[in-house]
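Worksheet: one structure, shown below.
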Amino acid sequence: MARVGLTQDRLVRAGAELADEIGFEQVTASELARRFGVKVASLYSHVRNTQDLRTRIALFALEEMADRAADAVAGRAGKDALVAFANVYRDYEREHPGRAAAARMPLDPDTAAASAGPRHAQMTRAILRGYDLAEPDATHAVRLLGSVFHGYSSLESAGGFRHSAPDSEETWNRILDALDSLLRNWPTEPTS
């Protein structure tokens, strides 16, 4: 298959592009083989099966997002870092909806530990140091931020906010203001 230059990296990148075009759940080894004009068996020296291909796309997306986030927050602190970090997630969802879906794919514990996922958590924790949260509140805040960034971006990408005022951009900015305020005034007493 040298004539088409198949490599694992090329297949994963093409799979990521395909995910953005047709949706992550629609990406299969068969669909990718069609894109390259080869038989599915030609892919199997580079990826084991569709699940392996999807896992590799997820790892690629996590790495790509982590690199973008690291660049965005470099030299920033406090609310500026929070906003830059949040905008990476939102922008990535807008630009690469299939890859963003891939980044949310559940991974087995070993694969997750070796992925860029821990980099995302470390960057979130670095941003939270500016808010002076101790454990377990720092972990609660990491989960809150991830939920808001991914949740809002996913809903917005699916058209969830197109049908009503105010504009989604205004809401996003208000949410970031509210998160900054919440993190600066984190509740000290656990609720029961």
Spacing of CH2 belonging to Trp186 relative to CG belonging to Leu128, to within rounding of 0.5 Å: 8.0 Å

Atom OG1 of Thr7 and atom CZ of Arg13: how far apart are they, to the nearest 0.5 Å? 9.0 Å

Check: Trp172 and Asn87 side chains under 4.5 Å, non-hydrogen atoms: yes

Is there a side chain to side chain contact (heavy atoms under 4.5 Å, CB included) between Leu183 and Ile127? Walk through the geometry before answering. CA-CA 11 Å; Leu183 293 171; Ile127 290 165; 6.0 Å; no

Please assess Arg119 against Asp67 for the test side chain to side chain contact (heavy atoms under 4.5 Å, CB included), listing each intermediate value before the final yes or no. CA-CA 9 Å; Arg119 279 181 62 202; Asp67 291 344; 3.0 Å; yes

Rounded to the nearest 0.5 Å, the CG atom of Asp110 sits from the OG atom of Ser115 at a distance of 11.0 Å

Please determine whether a side-chain nitrogen of the Lys or Arg among Arg68 and Asp91 lies less than 4.0 Å from a carboxylate oxygen of the Asp or Glu. no

Got Thr171 and Glu156 here, is their nearest side-chain heavy-atom distance under 4.5 Å? no

Shortest non-hydrogen contact between Asp80 and Arg76, atoms and distance: O-CD, 3.8 Å

Between the side chains of Arg90 and Ser157, does any donor sit under 3.5 Å from an acceptor? no

Apply salt bridge (Lys or Arg N to Asp or Glu O under 4.0 Å) to the pair Lys79 and Asp177, showing each step before the final yes or no. CA-CA 8 Å; Lys79 185 178 179 187; Asp177 289 343; 2.4 Å; yes

Euclidean distance, Leu82 CG relative to Thr124 OG1, rounded to 0.5 Å: 9.5 Å

Are Glu31 and Thr28 close enough that some pair of their side-chain heavy atoms sits under 4.5 Å apart? yes

Determine whether Met105 and Met65 fall in the same hydrophobic cluster, where Ile, Leu, Val, Met, Phe, Trp and Tyr are linked whenever their side-chain heavy atoms lie under 4.5 Å apart. no

So does Arg35 pair up with Glu21, basic N to acidic O under 4.0 Å? yes

Between Asp9 and His46, is there a side-chain heavy-atom distance shorter than 4.5 Å? no

Output the distance between atom OG (Ser168) and atom CD1 (Ile175), rounded to the nearest 0.5 Å. 8.0 Å

So how far is it from Arg125 CZ to Leu133 CG, rounded to the nearest 0.5 Å? 10.0 Å

Do Leu32 and Val40 belong together in a cluster built from hydrophobic side chains that touch within less than 4.5 Å? no

Nearest non-hydrogen partners of Ala58 and Leu107, listed with the distance: CB-CD2, 4.3 Å

Transitively linked via ILVMFWY side-chain contacts under 4.5 Å: Leu11 with Phe24? yes

Taking CG in Asn173 as the centre, count heavy atoms belonging to other residues, nucleotides or ligands within less than 6.0 Å. Is the count above 12? yes

Electrostatic pair Arg104:Glu25 at N-O distance under 4.0 angstrom: no

Taking every non-hydrogen atom, the tightest pair across Ala116 and Ala66: CB-CB, 4.0 Å

Heavy-atom side-chain proximity of Phe161 to Leu155 below 4.5 angstrom: yes

Start with the C-alpha gap between Val88 and Phe149, add the side-chain angles, then the distance that decides, and say whether side chain to side chain contact (heavy atoms under 4.5 Å, CB included) holds. CA-CA 9 Å; Val88 165; Phe149 300 160; over 6 Å; no

Can a donor-acceptor pair be found, under 3.5 Å and without considering hydrogens, that links the side chain of Ser42 to the backbone of Lys39? yes

Shortest non-hydrogen contact from Glu135 to Thr139? OE1-OG1, 2.7 Å

Does anything in residues 103-143 pair up under ring-ring contact (aromatic ring centres under 6.0 Å, His included), and if so which pairs, sequence neighbours excluded? Tyr89-His120

So if I apply the side chain to side chain contact (heavy atoms under 4.5 Å, CB included) rule between Leu43 and each of Asp52, Thr50, Leu6, which one comes out positive? Leu6

Minimum side-chain heavy-atom gap Glu93-Arg99 below 4.5 Å: no

Pairwise side-chain contact, Pro187 with Asp137, heavy-atom cut-off 4.5 Å (strictly under): no

Do Leu53 and Arg48 make a side-chain contact, defined as non-hydrogen atoms from C-beta onward lying under 4.5 Å apart? no

Check whether Phe36 and Tyr44 end up in the same hydrophobic cluster, where Ile, Leu, Val, Met, Phe, Trp and Tyr are linked by side-chain heavy atoms less than 4.5 Å apart. no

Main-chain N/O of Val27 paired with Arg54 side-chain donor or acceptor, under 3.5 Å: yes

Same cluster or not: Tyr92 versus Val12, using hydrophobic residues (I, L, V, M, F, W, Y) connected whenever any side-chain heavy atoms lie under 4.5 Å apart? no

